[in-house]
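A short write-up of the structure that comes next.
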Amino acid sequence: QVQLVESGGGLVQAGGSLRLSCAASGRTFNIYNMAWFRQAPRKEREFVAIMNWSGSSTHYADSVKGRFTISRDNAENMVYLQMNSLKFEDTAVYLCAAASRWTTGANGFNSWGRGTQVTVSS
């Protein structure tokens, strides 16, 4: 397993941008597929984006496609989520997660960060 710590959340106006970061500890970081999920109050955890271990493949939820970009730096053990054109409905706690297989289901991830709050004002 890897330990994950998110940062970069905050309050932003609709239409604005934020860049989230996820710092991973562990020597085997580069073998994991890395993903971002989000969870709004009284809602289930929702898949946002995933990138494979090498960075050659990505997949996004339809709700964020074209606005969000996931990236990673294996040399620095970092994963990022660039969020542009933010909407009120993007408000949630954003969590970083690691999985050994390619999946968009939360149950497939065995390492999670505690999350960072993103609040978009309308």
Quiz item: What are the two closest non-hydrogen atoms of Y32 and S100, and how far apart are they?
Solution: CD2-N, 4.0 Å

Self-check item: Where S17 and S85 come nearest, the two heavy atoms and their spacing
Solution: OG-N, 4.3 Å

Quiz prompt | Cluster check W53, L4: I/L/V/M/F/W/Y, side chain < 4.5 angstrom | solution = no

Practice problem: Kindly give the cluster partners of L11, where membership spreads through any ILVMFWY side chain lying under 4.5 Å from a current member. | Solution: none

Quiz prompt | T104 OG1 to Y60 OH distance, which is reported to the nearest 0.5 Å | solution = 14.5 Å

Quiz prompt | Exam field: side chain Q82 to backbone I70, donor-acceptor pair closer than 3.5 Å | solution = no

Quiz prompt | Flag side-chain contact, heavy atom, 4.5 Å: T91 against V118 | solution = no

Practice problem: In sequence, state the C-alpha distance, the side-chain angles, and the governing distance for T69 and L81, and then conclude on side chain to side chain contact (heavy atoms under 4.5 Å, CB included). | Solution: CA-CA 6 Å; T69 302; L81 186 68; over 6 Å; no

Self-check item: S63 and E46, any side-chain heavy atoms less than 4.5 Å apart
Solution: yes

Quiz item: Which residue pairs pass the disulfide bond (SG atoms under 2.5 Å apart) test when at least one of the two sits in residues 85-122, sequence neighbours left out?
Solution: C22-C96

Quiz item: Is there any salt bridge (charged side-chain N to carboxylate O under 4.0 Å, His left out) pair reaching into residues 68-88, and which pairs are they, with sequence neighbours excluded?
Solution: none

Quiz item: Is there a donor-acceptor pair under 3.5 Å between the side chain of N52 and the backbone N or O of S57?
Solution: yes

Self-check item: salt bridge (charged side-chain N to carboxylate O under 4.0 Å, His left out) pairs, two or more places apart, involving residues 88-97
Solution: R38-D90, R67-D90

Self-check item: ILVMFWY network linking Y80 to M34, side-chain heavy atoms under 4.5 angstrom
Solution: no

Practice problem: Dump the intermediate steps for side chain to side chain contact (heavy atoms under 4.5 Å, CB included) on Y94 and M83, then the final yes or no. | Solution: CA-CA 11 Å; Y94 283 73; M83 306 186 296; 3.8 Å; yes

Self-check item: Qualifying disulfide bond (SG atoms under 2.5 Å apart) pairs, either residue in residues 29-82, two or more places apart
Solution: none

Quiz item: Which is it for V12 and T119 under the side chain to side chain contact (heavy atoms under 4.5 Å, CB included) test, yes or no, and what are the steps along the way?
Solution: CA-CA 6 Å; V12 62; T119 303; over 6 Å; no

Quiz item: Which is it for T116 and E6 under the side chain to side chain donor-acceptor pair (under 3.5 Å) test, yes or no, and what are the steps along the way?
Solution: CA-CA 6 Å; T116 184; E6 303 92 338; over 6 Å; no

Quiz item: With hydrophobic residues grouped by side-chain heavy-atom distances under 4.5 Å, do M51 and I31 end up in a single group?
Solution: yes

Quiz prompt | Cluster companions of L95 among Ile, Leu, Val, Met, Phe, Trp, Tyr (side-chain spacing under 4.5 Å) | solution = F37, F47, I50, V93, W102, F109, W112

Quiz prompt | Criterion side chain to side chain contact (heavy atoms under 4.5 Å, CB included) on S21 and M78, from CA distance to verdict | solution = CA-CA 7 Å; S21 299; M78 295 292 295; 3.8 Å; yes

Quiz item: Is atom NZ of K65 surrounded by more than 12 heavy atoms (other residues, nucleotides or ligands) closer than 6.0 Å?
Solution: yes

Self-check item: Which atom of A92 lies closest to which atom of A40, heavy atoms considered
Solution: CB-N, 3.9 Å

Self-check item: Atom of A99, atom of G108 and distance for their closest heavy-atom approach
Solution: CB-O, 3.5 Å

